[in-house]
Amino acid sequence: MRWNAVPELPEVETVVKGLRPLIKDRYITDITISEEKIIAHPAADEFKKEAVGMKIEDITRRGKYIIIELENDKEMIIHLRMTGKLLVKQCEKFRDKHTHVVFHLDNGQELRFNNIRKFGRIYLIDKDQPQKAGGYAELGPEPLSNDMSLDDFKEMFKNRRGVIKSLLMNQKFIAGIGNIYADEILFRSGIDPERKADTLSEMEIGKIYSNMREILKKGIIYGGTTFSDYVNAFGEKGSFQEELQIYQKEGEKCCRCGSTVKKKRVGGRGSYYCPSCQK
DNA sequence: GGCTTTGTTTTATA
DNA sequence: GTATAAAACAAAGC
């Protein structure tokens with residue numbers, strides 16, 4: 001069976017860190033768009049007209065979005081969705097068939113947007129128009145930000161009563177967590193993914209908070225999770241998959257208690273959990 | 001060729 | 001207006 005590793009916060013952070021020294025301060029000399037639907041805003045010809053000739057001032061991350069800051073207060077917002085990659089290669093190297101957009105740089109290298117399923121999207125916006133980039137403007141707080149204390153996190157649970165896993169994956173609630181890290185956070189917190197948010201004790205919310213930060217940080221240190229598709233800016237795989245304790249472990253023994261790991265659908269998503277450890 | 005994969009958006013409902 | 005849940009959608013691989 002093949003597994004697609006979807007870029008979540010640690011994977012996107014790894015991509016951004018890898019790309020920064022390769023593309024910062026470079027100029028975009030041309031853009032080749034072979035799949036126009038990837039360019040979500042503005043229209044492809046307009047996008048090209050506005051971005052060519054621009055200098056890349058920096059590359060950063062917000063949630064699962066990559067932000068490439070350009071001159072004149074413009075920025076490119078990139079979402080990899082499933083199976084997305086951003087790679088830098090020499091221009092003469094072979095481009096595979098899933099490379100849909102190529103940014104030609106002034107040092108002869110190429111920044112390539114590669115997306116097997118074509119779900120990823122690229123936006124070009126003015127900095128003061130974030131609402132034009134999909135859900136980018138509505139993102140919740142960054143889970144690793146020092147501005148979000150445990151008290152702030154507890155406060156966010158006011159008026160929340162939905163299932164906890166769906167809440168953690170809700171980008172408006174908190175930014176950057178997807179299916180893999182949500183399962184890992186809840187397993188290590190001993191909480192069933194279907195628990196309603198308004199049944200959680202303060203102590204349980206505290207566990208989620210600390211496990212969330214610890215696991216996401218660890219994911220970044222390990223360079224993200226790779227099953228088959230996700231790679232960093234150099235085409236290298238991460239190693240956090242070796243640290244996973246519950247995700248994709250159906251039928252295996254729980255590493256904590258030894259009982260069998262189960263899988264169920266929570267909010268329409270495949271969710272791995274230990275029935276004996278997670279209540 | 002139907003099913004699965006996930007993140008986001010849309011729609012419906014309370 | 002707000003929160004939630006369910007459904008739709010994107011496309012490719014097996």
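Lettering of chains follows the sequences in order, A, B, ..., and the numbering in each one begins at 1. Please read all numbers here as calculations on a predicted model, not as lab measurements.
- Taking the ring centroids of Tyr27(A) and Phe103(A), they lie at or beyond the 6.0 Å cut-off.
- Atom-to-atom distance recorded for Asp198(A):CG and Lys158(A):NZ is 13.0 Å, nearest 0.5 angstrom.
- In terms of position on DNA chain C, the residue among Phe119(A) and Gly267(A) whose nearest nucleotide sits closer to the 5' end is Gly267(A).
- In this structure, Tyr181(A) has its ring center under 6.0 Å from that of Phe240(A).
- The distance from atom OG of Ser210(A) to atom CZ of Phe153(A), rounded to the nearest 0.5 Å, is 9.5 Å.
- Lys217(A) contributes atom NZ, which lies 15.0 Å from atom OH of Tyr222(A) (distance to the nearest 0.5 angstrom).
- Looking at Lys64(A) and Glu8(A), no side-chain N of the basic residue comes within less than 4.0 Å of a carboxylate O on the acidic one, giving no salt bridge.
- Rounded to an integer number of Å, the gap from Lys118(A) NZ to dT6(B) C1' is 18 Å.
- At dT8(B), one or more side-chain N or O atoms of Gln171(A) fall inside 4.0 Å of OP1 or OP2 (strictly under the cut-off).
- Rounded to whole angstrom, the span from the CZ atom of Arg62(A) across to the P atom of dT8(B) amounts to 12 Å.
- Atom CG of Leu9(A) and atom P of dT6(B) are 18 Å apart (whole Å).
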Listed pairs, N/O of protein and of nucleotides 1-4 of chain C, under 3.5 Å:
unit_1, atom_1, unit_2, atom_2, d
dT4(C), OP1, Arg161(A), N, 2.5
dT4(C), OP1, Gly162(A), N, 2.9
dT4(C), OP2, Arg160(A), NH1, 2.4

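- Note: NZ (Lys64(A)) to P (dT6(B)) measures 11 Å, nearest angstrom.
- For the pair Arg269(A) CZ and dT6(B) P, the computed distance is 7 Å after rounding to whole Å.
- Taking only side-chain nitrogens and oxygens, His79(A) comes nearer than 4.0 Å to OP1 or OP2 of dT8(B).
- A straight line from CD1 of Ile177(A) to C1' of dT6(B) spans 15 Å, rounded to a whole angstrom.
- In this structure, Lys172(A) places its NZ atom 10 Å from P of dT8(B), rounding to the nearest Å.
- Contact annotation: Lys37(A) does not reach the phosphate of dA10(C) (side-chain N/O to OP1 or OP2, under 4.0 Å).
- In this structure, Leu19(A) CG and Thr60(A) OG1 are separated by 11.5 Å, a value rounded to the nearest 0.5 Å.
- With rounding to the nearest 0.5 Å, the separation of CG in Leu124(A) from NE2 in His41(A) is 7.5 Å.
- DNA chain B is contacted by Gly134(A), Gly135(A) of residues 120-142 of chain A, taking any non-hydrogen atom closer than 4.0 Å.
- Whole-Å rounding puts the Leu80(A) CG to dT5(B) C1' distance at 16 Å.
- Counting heavy atoms from C-beta on, the side chains of Lys154(A) and Tyr209(A) never come closer than 4.5 Å.
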Can you pull every protein N or O that's under 3.5 Å from an N or O on nucleotides 2-4 of chain B?
none

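- Exactly one residue among Lys196(A), Lys279(A), Arg195(A) makes a salt bridge (charged side-chain N to carboxylate O under 4.0 Å, His left out) with Glu204(A). That residue is Arg195(A).
- The distance from atom CD1 of Ile205(A) to atom CG of Leu150(A), rounded to the nearest 0.5 Å, is 8.5 Å.
- For the pair Lys132(A) and Tyr123(A), the cation does not sit on the ring face, since its NZ or CZ is not both under 6.0 Å from the ring centre and inside 45° of the axis.
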